[in-house]
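To keep things clear, I will list the structure first and then write my remarks on it.
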Amino acid sequence: MKIRKAVFPVAGLGTRFLPATKAMPKELLPIIDKPIIQYAVEEAIAAGITELVFVTGRTKRAIEDHFDANPELERALRDKGKNDVAEMVRKIVPEGITCIFLRQPEALGLGHAVLCAESVVGREPFAVLLADDVMRGDLPTAALVAEYAKAPGTILSVMEVAPQDAQNYGIVRPGPNGEVAGLVEKPKPGREPSCLASIGRYVLEPEIFDILRAQPPGHGGEIQLADAINSRATAGNVRAVTLTGQRYDCGSKLGYLEAIVDFALQHDEFGDPFAKLIARKAPCSGAEGKA
Ligand code: UTP
């Protein structure tokens with residue numbers, strides 16, 4: 001079965017970015033001029049997905065506005081002769097793509113947010129993309145969809161992390177024949193079953209909803225998606241695809257800053273001047289940097 005739908009859980013509280021996220025969704029934080037959620041949406045569309053399901057919450061209405069048409073703005077831009085900008089705004093959601101918005105009444109965890117999408121997803125496989133993980137280069141959702149097309153199953157996007165960082169991730173317990181035998185959410189230092197971390201891209205099967213519905217809160221008192229995937233793995237057929245592109249953890253301030261710097265350095269218009277600016281400010285540039 002083809003993957004047609006993607007779920008974007010965007011109902012989290014975004015506490016690491018307060019006060020910016022008190023009234024504004026974390027998912028609309030920009031990298032230069034594009035909100036991080038738009039990168040994830042473009043990745044899903046590039047993977048052939050046509051139905052975008054956003055699980056939102058309070059203070060997240062601006063996400064709905066961002067993906068809604070804005071004829072007044074387009075008209076104003078065209079009146080000023082800015083046709084290319086008007087076109088760019090119009091194409092934020094290309095033709096043939098449907099957006100659906102649901103509410104998670106309370107931020108009870110990522111697993112709970114995914115469960116909130118059940119009525120719209122129905123009994124078909126679907127992708128999940130976390131906007132916090134901004135990707136560059138080879139995009140993982142297309143790779144997950146391609147892996148699912150080879151044989152159905154739960155497909156995780158994974159990347160290698162240093163052992164001391166494993167405690168910040170859902171870590172894969174490797175099984176036979178390259179399968180995933182389990183997923184351990186934020187293992188205690190020294191107890192990590194591998195150095196393969198699950199990142200914010202998944203292809204899931206509808207059976208995950210049955211597991212999530214019955215699942216008690218896990219780490220941090222939240223309904224964890226990792227716990228549900230772990231249960232699914234005990235029944236077999238959970239596989240992992242290793243990320244080949246670059247991933248930025250934009251849920252953390254340092255990861256977000258790194259993304260901004262990298263995207264700016266590669267920017268067509270001001271990559272070069274920005275590189276010069278950075279070089280001037282870098283402490284390793286010696287006396288000039290300290291001046
Ligand atoms: P995070 O835990 O990274 O996001 O969840 P958060 O809770 O918003 O951020 P902090 O830790 O307080 O700074 C990963 C993704 O899951 C969504 C978030 O919006 C984010 O995109 N999420 C999390 C939900 O949709 N609902 C939840 O109850 C929890």
Heavy atoms of G255 and S252 approach each other most closely as N-OG, 3.1 Å

Is any side-chain heavy atom of H219 less than 4.5 Å from a side-chain heavy atom of E185?
yes

Residue pair I37 / V10, side-chain heavy-atom distance below 4.5 Å
yes

Strictly by modelled atom types, are H112 and E222 linked by a side-chain donor-acceptor pair under 3.5 Å?
no

Just verifying a value: how many Å separate T154 OG1 and E179 CD, rounded to the nearest 0.5 Å?
10.0 Å

Working note: I31 + C250, criterion side chain to side chain contact (heavy atoms under 4.5 Å, CB included); need CA distance, chi angles, decisive distance, verdict.
CA-CA 9 Å; I31 294 179; C250 291; 4.1 Å; yes

May I ask you to check whether F126 and Y148 place their ring centers less than 6.0 Å from one another?
no

Does R136 make a cation-pi contact with F263 (under 6.0 Å, within 45 degrees of the axis)?
yes

Salt bridge (Lys or Arg N to Asp or Glu O under 4.0 Å) evaluation trace for E87 with R78
CA-CA 9 Å; E87 205 48 19; R78 286 187 207 286; 3.3 Å; yes

Are the side chain of Q104 and the backbone of G109 linked by a donor-acceptor contact shorter than 3.5 Å?
yes

Step through the shown structure and confirm whether more than 12 heavy atoms of other residues, nucleotides or ligands are within 6.0 Å of CZ on R58.
no

Between the side chains of R90 and E95, is the shortest nitrogen-to-carboxylate-oxygen separation below 4.0 Å, so that they form an ion pair?
yes

Which distance, rounded to the nearest 0.5 Å, do you find between the CZ of F101 and the CD of E64?
5.0 Å

I'd like to know if R232 and E205 make a salt bridge, using a cut-off of under 4.0 Å between side-chain N and carboxylate O.
yes

Are R4 and E51 close enough, and set up right, to give a salt bridge (Lys or Arg N to Asp or Glu O under 4.0 Å), and what steps lead you there?
CA-CA 6 Å; R4 300 184 303 134; E51 274 184 51; 3.8 Å; yes

If you look at every heavy atom in K60 and P25, which pair is closest and at what distance?
CD-CB, 3.6 Å

The single option from V241, I229, T242 passing side chain to side chain contact (heavy atoms under 4.5 Å, CB included) against L156:
I229

Quick check: closest heavy atoms across G111 and L212, and the distance to 0.1 Å?
O-CD1, 3.4 Å

Separation of L204 CG from I3 CD1 (nearest 0.5 Å)
9.0 Å

Honestly curious: do I63 and L129 fall in one hydrophobic cluster under the side-chain, below-4.5 Å linking rule?
yes

Worked verdict on E124 versus K2 for salt bridge (Lys or Arg N to Asp or Glu O under 4.0 Å)
CA-CA 9 Å; E124 60 178 278; K2 200 172 173 300; over 6 Å; no

Calculate, to the nearest 0.5 Å, the distance between atoms CG and CG belonging to D132 and L29 respectively.
9.5 Å

Evaluate whether atom CD of Q164 has more than 12 neighbouring non-hydrogen atoms of other residues, nucleotides or ligands under 6.0 angstrom away.
yes

More than 12 heavy atoms of other residues, nucleotides or ligands under 6.0 Å from CZ of R61: is that the case?
no

Would you mind reporting whether Q38 and I92 have side-chain heavy atoms less than 4.5 Å apart?
yes

Pairwise side-chain contact, R173 with V180, heavy-atom cut-off 4.5 Å (strictly under)
no

Given the rule that I, L, V, M, F, W and Y join up when any side-chain heavy atoms are under 4.5 Å apart, are V121 and L102 in one cluster?
yes

Does the side chain of R239 pick up a donor-acceptor pair with the side chain of N237 at under 3.5 Å?
yes

List the atom of P125, the atom of P206, and the distance in Å for their closest heavy-atom pair.
N-CD, 3.9 Å

Verify the cluster assignment for I45 and Y202: are they in a single hydrophobic cluster under the rule of side-chain heavy atoms below 4.5 Å apart?
no

Nearest heavy-atom neighbours spanning V238 and A233
CG2-CA, 3.5 Å

Rounded distance (nearest 0.5 Å) linking atom CD of E43 with atom CG of L144:
8.5 Å

Considering non-hydrogen atoms only, spot the tightest contact between R201 and D133 and give its length.
NH2-O, 2.8 Å

Answer with yes or no whether the hydrophobic clustering places I97 together with F8; edges join I, L, V, M, F, W, Y residues whose side-chain heavy atoms lie under 4.5 Å apart.
yes

Working note: F67 + L52, criterion side chain to side chain contact (heavy atoms under 4.5 Å, CB included); need CA distance, chi angles, decisive distance, verdict.
CA-CA 10 Å; F67 291 106; L52 314 176; 5.7 Å; no

Mark yes when over 12 heavy atoms from residues, nucleotides or ligands other than N168 sit less than 6.0 Å from its CG; otherwise mark no.
yes

Mark yes or no: K34 above the aromatic ring of Y39, with NZ or CZ under 6.0 Å from the six-membered ring centre and no more than 45 degrees from the axis.
yes

Does P35 reach the side chain of H66, with side-chain heavy atoms less than 4.5 Å apart?
yes

May I ask whether V55 and I208 are part of the same hydrophobic cluster, defined by side-chain heavy atoms of I, L, V, M, F, W, Y residues being less than 4.5 angstrom apart, directly or through others?
yes

When you look at V261 and Y256, which way does the side chain to side chain contact (heavy atoms under 4.5 Å, CB included) test go after all the steps?
CA-CA 9 Å; V261 169; Y256 179 57; over 6 Å; no

Could you walk me through whether K281 and I278 pass the side chain to side chain contact (heavy atoms under 4.5 Å, CB included) check?
CA-CA 5 Å; K281 291 188 182 282; I278 290 274; 6.0 Å; no

Does a donor on one side chain and an acceptor on the other come within less than 3.5 Å for Y248 and D262?
yes

Kindly indicate, with the supporting measurements, whether the criterion salt bridge (Lys or Arg N to Asp or Glu O under 4.0 Å) is fulfilled by R123 and D210.
CA-CA 11 Å; R123 302 306 289 181; D210 308 327; 3.0 Å; yes

Are side-chain heavy atoms of D138 and Q246 found at a separation under 4.5 Å?
no

Got a sec: does the CG of L254 have more than 12 other heavy atoms crowding it under 6.0 Å?
no

With a 4.5 Å heavy-atom cut-off, do T21 and T15 have their side chains touching?
no

Report the distance from atom CD1 of I171 to atom OG of S194, rounding to the nearest 0.5 Å.
5.5 Å

